[in-house]
Structure formats: C-alpha cells, structure tokens
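Only one structure is covered here, and it is reproduced in the block below.
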Amino acid sequence: MRDLRIDVDARTAGDEMLSFAEELYPICRSITGDGVRETLRRIGKRIPLDVHEVPSGTQVFDWTIPLEWNIRDAYIEDPHGRRVVDFRDHNLHVVGYSAPVDTTMSLAELKEHVHTLPDQPDVIPYRTSYYAEAWGFCMQDERLHGLPDGPYTVRIDSSLEPGSLTYAECYLPGETDDEILISCHCCHPSIANDNLSGIALTTQLADHLRTMPLRYSYRFLFIPGTIGSITWLALNREALGRIKAGLVVTCVGDRGAPTYKRSRRGNAVIDRAVVHVLRHSGRRHRVLDFSPYGYDERQYCSPGVNLPVGSLMRTPNGEYPEYHTSADDLEFIDADALADSLSVYLRSLDVLENDEAYLNLSPMGEPQLAKRGLYPPTGARGPSRELMARLWVLNLSDGDHGLLDIAERAGIPFAEIRTAAKVLIEGGLLAPRTA
Ligand code: ZN
C-alpha cells in the first residue's frame, strides 16, 4: 500500500500556494506569448518541467495555433496628456490579443472599444478576442462616465506575429505506465482564483508527489485554456489510452465549498473516488453532472476523446460576481481554502493509488479473528466501525471487488477500509489478488 502523506501541514502548504499566486499575479499572461513563458519559468524553478513550443499555424484537430501575442504598453490619454487608462496600472485594462493601435479619436468613437460592467461599476472586466482580430480597453464603468469629450490619444503597443503556443508538462513516473492527468490553465492575466489558484495547487501537488513511490505515473499539464488542451490532445493521441483518470484544476482558492464536476462518463473511478472523499468529509460540498461548458474538461471529455477526467474546484466559473473581473484578486483567495482544496486532491488520489482488489485467504465461513488478536472490542450497542471495516473487507475480497467498491458498499471512509485491509494482510488473512 502507498502512503501519499495526505495529512500535509495545512498552514505551511496554504501559505506556500498563496505566496506563489502572489508572485505570479502581476504577469500579463495570455494563450501565447512571453507572459506564459515567464510563468512556466517560475513553475520550473519548483518542479521539473518540459516546456513545449508549438508553431503558429499548426493544425490541431479543428483549430489552428494562432499568431503569438505580446504586449509592452497601452494607454488612453486625455487632451491634457493624462493617462485615464493605463496598462501599467492593471493588465486587465487591455482586451487580450488586442491588435496594435496608435491613433486619436473622440470619446464617442473610443466608447466603441471600451468594455465596462454597468452592474459592477467599480471593477475592470476581463475580455479577450483571440480568434477575431480586434482591439479594446476595459475599465471601471464609474470612471468611463466621468470622462470629458476628447480627443483621446489611444495607443496599444502590442504585436501579433508568427511565433508559438507555449505549454509545459511535469511527468512523474510510477510503477505502471498508466497515467493520472492533472491539468490547469495558465492563460489568464492578473486573476487570482481563475486560475493562479489552480497553477499554485498543481505545482504544490506535483512537488508533494515527486518524492514518493507512486503506483500511477502522473502528468501535470500547464496549458492555455481550450487551445492548449486541444493542442496537447492532438499531439499525444497515442498516449490517450494510458490515461486512467484525470482532474482539471481550476478555481480552487475561493472561500466557497468544494465542488466536483463529474467526467462525461459520469461514474469513472475518478468520479467515484472524489465523490466518496467529499461525502465522507462531513462538510458542505456539491457534486455536479458533466456539462459541455466550463474549462478543459470540455476537451478531455469531447466525444472522440472521452477521457475519465472531471474537475475539482470550489465555486464554479461564472457563479461568483468577482468571476472574470479585477475583483478576482489576491484578496479573493485564501490560504486555508487552497490548503483544503489540496487536501481533497490528495485524499482522492490516495484512493486511486490504493484501490486494489485482495483475496480473503480464509473464505470458508468467517475466519476466527479473536484467536489472531484481530477482533476489536465491541461497543455496548453493537460492532465498532473498526470491526465492520474488517468484516466488509473479508467478505468482499473475492478478487472482484477493489477497496473503493468495499468502502462504497460499507459506507465507511476509504482510509478506514484501507487500514482494515492492512491489518488483515499483516494477520495473514488477506493477500493481493495478483500474488
Ligand atoms: Zn476564466
């Protein structure tokens, strides 16, 4: 049996993830460009990382790798030469993938290119235009209303040129080539929950697991959303059969309850493992069925791929008012929430690592536990859960049931079923099915 050391020091782990999110926050990321490279470089200082560059124009399934976008500066300047919107203040001020522009225009003309959220007048919205060439700015609605008539100097010092899409993977070999895929998007600029939280958790998880003996091999992907997962799938078609389970890591730092979105298959082992862990956590949580919207689970669960990949998050995309705005900032995420999310990930992976079938070596009648010192003291009102765990393991270890099957049927947490199996192996009553 494998011990993933799931009881991490929550305070230390939470603080480490939060500080990594803080470090990455100022970088202007997009689906391509130097912001992604710089982000991956910093991840690569913490875990071993293979960085891949896929040239613009490469066909990946129904999509084409776009031109590479980079930005140096952008602003709107009023008639007095004051910058009323400045990319240096916040990188959300520029629509992602904006084409270069350098011109003068009236306020009315400018407004055609300015995005605000009238319902949330004090925040900057997050907007992109990856696949249709455009340019634009985003700002607080309350500030737009205070602007006098122009003319305004409008400048975006950006480039859209042939280059590449950059992504990275961290591969941890296990006893088998069968893989667990852990995927997070790293294409959003200064937005904390979506998805610096996911980047920080994925990095922490890889760092935690890389010193341990593992049953499965693990592949951690740091990719731009949508186009990145499509690219990875298109370039790794021969590897897809090895993926036995996967999770998309997104929005794991807010103070909401954990939420699990099932894979398209609905009842894959990963689905059962995460749901089991959440149900036995004794805390508020949600389980959602698959739907073809959200993050990269859309691609991993597209019909021709149909991998057993779910998404383990806290508050889902679009369900919090700070979503895709400047209010999804470092104040919005929390070290305790990050640590709690990490714990749910580790407990779920611990189930996968230890979900094996065993054989009861004394299946004719119940083996006599007492003579082996394996009969725990009974409570006044019936058997203890410790005894029930041992009896369930013995009863269902016929070679056809794994420990997760047993935990589900017994209604006992996986960790206790695993402990019971360990005790019974040591007592000579149970053996691995393959031995
Ligand atoms: Zn997003």
Side-chain angles (χ1 to χ4, degrees), residues 17 21 24-33 35-36 39-40 43 63 66 69 71 90-98 115-117 119-120 123-132 134 136 138 165-167 182-203 221-232 247-256 258-261 288 290-301 309-333 337-338 341:
M17 288 185 279
L24 299 177
Y25 183 78
I27 301 171
C28 185
R29 280 162 292 272
S30 185
I31 56 171
T32 64
V36 180
T39 301
L40 298 178
I43 297 167
W63 297 60
W69 185 67
I71 179 158
H90 205 302
N91 55 40
L92 290 185
H93 274 314
V94 175
V95 171
Y97 256 68
S98 277
H115 306 268
T116 66
L117 287 174
D119 293 347
Q120 295 169 268
V123 305
I124 310 165
Y126 167 52
R127 292 285 154 80
T128 61
S129 185
Y130 301 135
Y131 303 106
C138 301
L165 175 148
T166 315
Y167 74 89
I182 306 287
S183 176
C184 69
H185 63 277
C186 58
C187 52
H188 289 34
S190 298
I191 303 186
N193 200 36
D194 178 17
N195 192 30
L196 292 173
S197 69
I199 296 171
L201 187 148
T202 303
T203 306
L221 292 185
F222 299 87
I223 48 169
T226 307
I227 187 72
S229 49
I230 289 171
T231 299
W232 187 84
L247 290 168
V248 168
V249 192
T250 179
C251 300
V252 286
D254 67 86
R255 293 167 179 84
T259 302
Y260 180 64
K261 176 180 170 182
L288 308 176
F290 176 77
S291 81
Y293 194 72
Y295 283 107
D296 289 306
E297 69 277 9
R298 295 154 73 167
Q299 314 313 328
Y300 301 127
C301 296
V309 175
S311 180
L312 178 50
M313 54 202 146
R314 300 188 82 82
T315 308
N317 49 288
E319 292 193 15
Y320 52 98
E322 296 84 356
Y323 176 72
H324 278 192
T325 75
S326 55
D328 184 348
D329 60 11
L330 294 166
E331 299 292 303
F332 185 65
I333 61 172
L338 286 163
S341 299

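Predicted model, so just to flag it, every value in this text is computed and none were measured. All ligand and atom numbering here is 1-based and tracks the order in the structure.
- Listed by chain and number, the protein atoms of type N/O/S under 2.8 Å from the Zn ion (ligand 1) are H188 NE2, D194 OD2, Y295 OH, H324 NE2; waters are omitted.
- Residues forming a salt bridge (charged side-chain N to carboxylate O under 4.0 Å, His left out) with R314 (at least two apart in sequence, or on another chain): D340.
- Relative ring orientation between Y323 and Y320 is described as perpendicular, the plane-to-plane angle rising above 60° on a 0-90° scale split at 30° and 60°.
- Ring geometry for Y130 versus Y97: interplanar angle over 60°, hence perpendicular rather than tilted (30 to 60°).
- With rounding to the nearest 0.5 angstrom, the CD1 atom of I124 is 6.0 Å from the CG atom of L92.
- No side-chain heavy atom of T32 sits less than 4.5 Å from a side-chain heavy atom of T166.
- A heavy-atom distance below 4.5 Å is found between the side chains of S183 and I223.
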